[in-house]
Amino acid sequence: MAHVSFSDLPPEALDDIARRAGALNNVVCSAVCRPWRRALKTTRLRLLKRPSRPYSVRLDKWRNGTISLCLAVRLGCSSESTIYVPIAMVDGGDKLPTRIIGSSHGWLVTVDKECGLSLLEAFTGRVFPLPPITSSGSKKVAKELDQSMFYKATLAPGRRLGAFAVMLIHGGGFGLSFLRPDAKSWTAVRVPKRMQHKYTDVVFHRGAFYTASRDGEVAAWAPDASSSGLHAGRVSEPTQECTWAALVESVGGDDLLMVSSFVVEEGFAAHGQWYRLPRRRYAVSRYDGEREGTSSWLPVEDLGEAAILVGSSCSLCVSTRGFDDDLRNRLFFAWPSYESGKYYCFHPDEYRLPTATPGCTYLIVPHYGGSWFAPYVAPEFHWY
C-alpha cells in the first residue's frame, strides 16, 4: 500500500476542513503543507472578488451582530455587492462588539459596550476576547474606564501562528498599554516625561511599535526585558507647526510614512480689504533611519502609483495600479465615529497633493466606528 500523507487529501476534503476550521485553527492548518495553505487561503478569500484591494468594514448596526465588507475603491458604477458576515462569539463571550479601534494583519480589534476588548476575524466573524484593560492594575485606567477612552490599537505578529502583541492608545490619547503575545493581563506603559504628549496614532513597522503625537513627535517602542516589555526611543522631536499626525507603512511595508497637518494663513482681498484666513494643509514625509532629529523625515512630493487611506482605527497606503490617475497622490480620510471623532472632525474627505492630477473617483469610506481593512497580510517581521 502506497504511503499517503496529509498533502494527498482531495481538494474537496481540504475545502471542507477550511470551512470548519476557526480563525486561529485556519492559520495553524495553513502551516501543515503547501496544499493545505493553498486551500485555506482560497476558501478564506473566496467571498472577496478582489482580495488584494482595500475594503471598508464596519459593524452593521442595522443588522445586529453582523459585519459588512465592501470594496473601498470601485471602478465607475460597479455592481459588486456588500458582503455580510454574522458575528460568532467563542470562548464564553456574550457581548457583541460595537466599535472597531484597530485593523492590522487581517484582524480587527474591537470594543463592546462593557469596555471589553476582542480580536475579530472578518472572514469568519469569530470573536476572541482579550484580557480586560483593567488587568494592568492601573488605578488611572480603572477610574477612566469608558467606551470612549479607547482610541487606537495595532497588532504585531508573534512567533507562534495566531498569536499577537497589541499596543493600545487610550485615556484621551495620553495613555499607552501593551499586551504581550498569549499574556493574561495588560501592562500599563510608563511614558518618559520628555515624551508625555497626546498620541494620535500607533503602528507596527519592522520589529517595533511607532507612536505619533499630535505635535509630530514620533517614538519607537522596541522589545526589551523590562517590566513593561518595551523600551522607548525618540525618533523625531515635536514641532510647533504640526497640529496632527498619522503613521502608515508604504506599499510593500518597506518605508514608514507620516501624514501631518499644518495650519497656514492665506491672505485674500474682499470688499477693498485684506483678510487672512487659516487653512489646513497636509504633507507626507518618509522616515530615514540614518538621519537624526526632525531631519530624519524626508518630504515626499510624489507617491507614485499610490494613495493613502487615513482613518482613526487604520491607515493604509494602497497601490493605484490598474486604476485611472484619479487616485494617485491623494489622501482620503475616513468619516469620524461618534466616540473618537476628536481626531478626524476637521479633516476633508479628500486632499490632493501638489502632484495629483485632476479628476474624481468613487470611494466608499468607513464611518461611525468602521475601518479600512486589508484582507491579506503576510508579515515578514515578528514580535520576539
Side-chain angles (χ1 to χ4, degrees), residues 101-102 104 136 138 140-141 150-157 165-180 186-250 253-263 281-300 308 310 312-315 317 342-343 381-384:
I101 60 173
S104 58
S136 64
S138 172
K140 184 177 181 181
V141 170
F150 301 100
Y151 271 33
K152 170 73 182 292
T154 192
L155 303 177
V166 188
M167 194 165 186
L168 172 68
I169 300 177
H170 56 81
F174 294 96
L176 294 175
S177 290
F178 171 64
L179 181 67
R180 293 183 177 89
W186 289 81
T187 300
V189 179
R190 293 185 178 181
V191 181
K193 292 185 178 180
R194 68 181 189 280
M195 299 167 54
Q196 291 182 353
H197 302 277
K198 183 173 182 177
Y199 295 102
T200 57
D201 204 1
V202 57
V203 298
F204 179 77
H205 174 71
R206 291 186 172 270
F209 289 104
Y210 287 81
T211 56
S213 66
R214 182 174 54 185
D215 48 12
E217 181 191 57
V218 178
W221 303 80
D224 64 2
S226 64
S227 58
S228 65
L230 297 173
H231 171 71
R234 178 179 284 173
V235 173
S236 59
E237 301 282 345
T239 60
Q240 295 181 353
E241 297 81 8
C242 183
T243 59
W244 169 89
L247 300 173
V248 60
E249 286 188 316
S250 63
D254 294 331
D255 296 318
L256 181 64
L257 306 177
M258 178 169 62
V259 180
S260 52
S261 173
F262 305 86
V263 176
R281 292 290 180 262
Y282 296 86
V284 179
S285 53
R286 177 178 61 85
Y287 175 57
D288 186 354
E290 297 181 357
R291 297 171 177 261
E292 297 181 357
T294 55
S295 61
S296 62
W297 292 96
L298 305 179
V300 177
I308 297 180
V310 186
S312 58
S313 56
C314 174
S315 297
C317 185
K342 296 179 181 178
Y343 285 163
F381 294 87
H382 298 268
W383 187 264
Y384 294 98

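A centroid separation of less than 6.0 Å is found between the aromatic rings of Trp297 and Tyr287.
Annotation for Ser104 and Leu155: closest pair OG-N, 3.1 Å, computed over non-hydrogen atoms. Taking all atoms of both residues into account, the shortest heavy-atom contact from Ser213 to Ala245 is O-CB, 3.8 Å. Between Ser260 and Cys242, the shortest heavy-atom distance links the atoms CB-SG, 4.0 Å. Minimum heavy-atom separation, Thr211 to Leu247: C-CD1, 3.9 Å.
How far CG of Asp288 is from CG of Asp255: 9.0 Å, rounded to the nearest 0.5 Å. Rounded to the nearest 0.5 Å, atoms NZ (Lys152) and CD1 (Ile169) are 6.5 Å apart. If you take CG on Leu176 and OG on Ser136, they are separated by 12.0 Å, rounding to the nearest 0.5 Å. Taking CE of Met258 as the reference point, atom OG of Ser315 lies at 13.0 Å (rounded to 0.5 Å). Within the model, atoms OG1 of Thr187 and CE of Met167 stand 11.0 Å from one another, a figure rounded to the nearest 0.5 Å. Between the NE2 atom in His170 and the CD1 atom in Ile101 there is a gap of 10.0 Å [rounded to 0.5 Å].
The closest side-chain heavy-atom distance from Phe209 to Phe178 is below 4.5 Å. You'll find the side chain of Val259 reaches within 4.5 Å of the side chain of Trp244, heavy atoms only. Counting heavy atoms from C-beta on, the side chains of Val166 and Trp186 come closer than 4.5 Å.
Ion pairing between Arg206 and Asp254 holds under the 4.0 Å rule for side-chain N and carboxylate O.
Looking only at distances, no side-chain donor or acceptor of Thr200 sits under 3.5 Å from a matching main-chain atom of Ala246.
Residues satisfying the side-chain hydrogen bond (donor to acceptor under 3.5 Å, both in side chains) criterion with Tyr282, sequence neighbours excluded, are His347.
Counting non-hydrogen atoms of other residues, nucleotides and ligands closer than 6.0 Å to CZ of Arg234 gives a total above 12.
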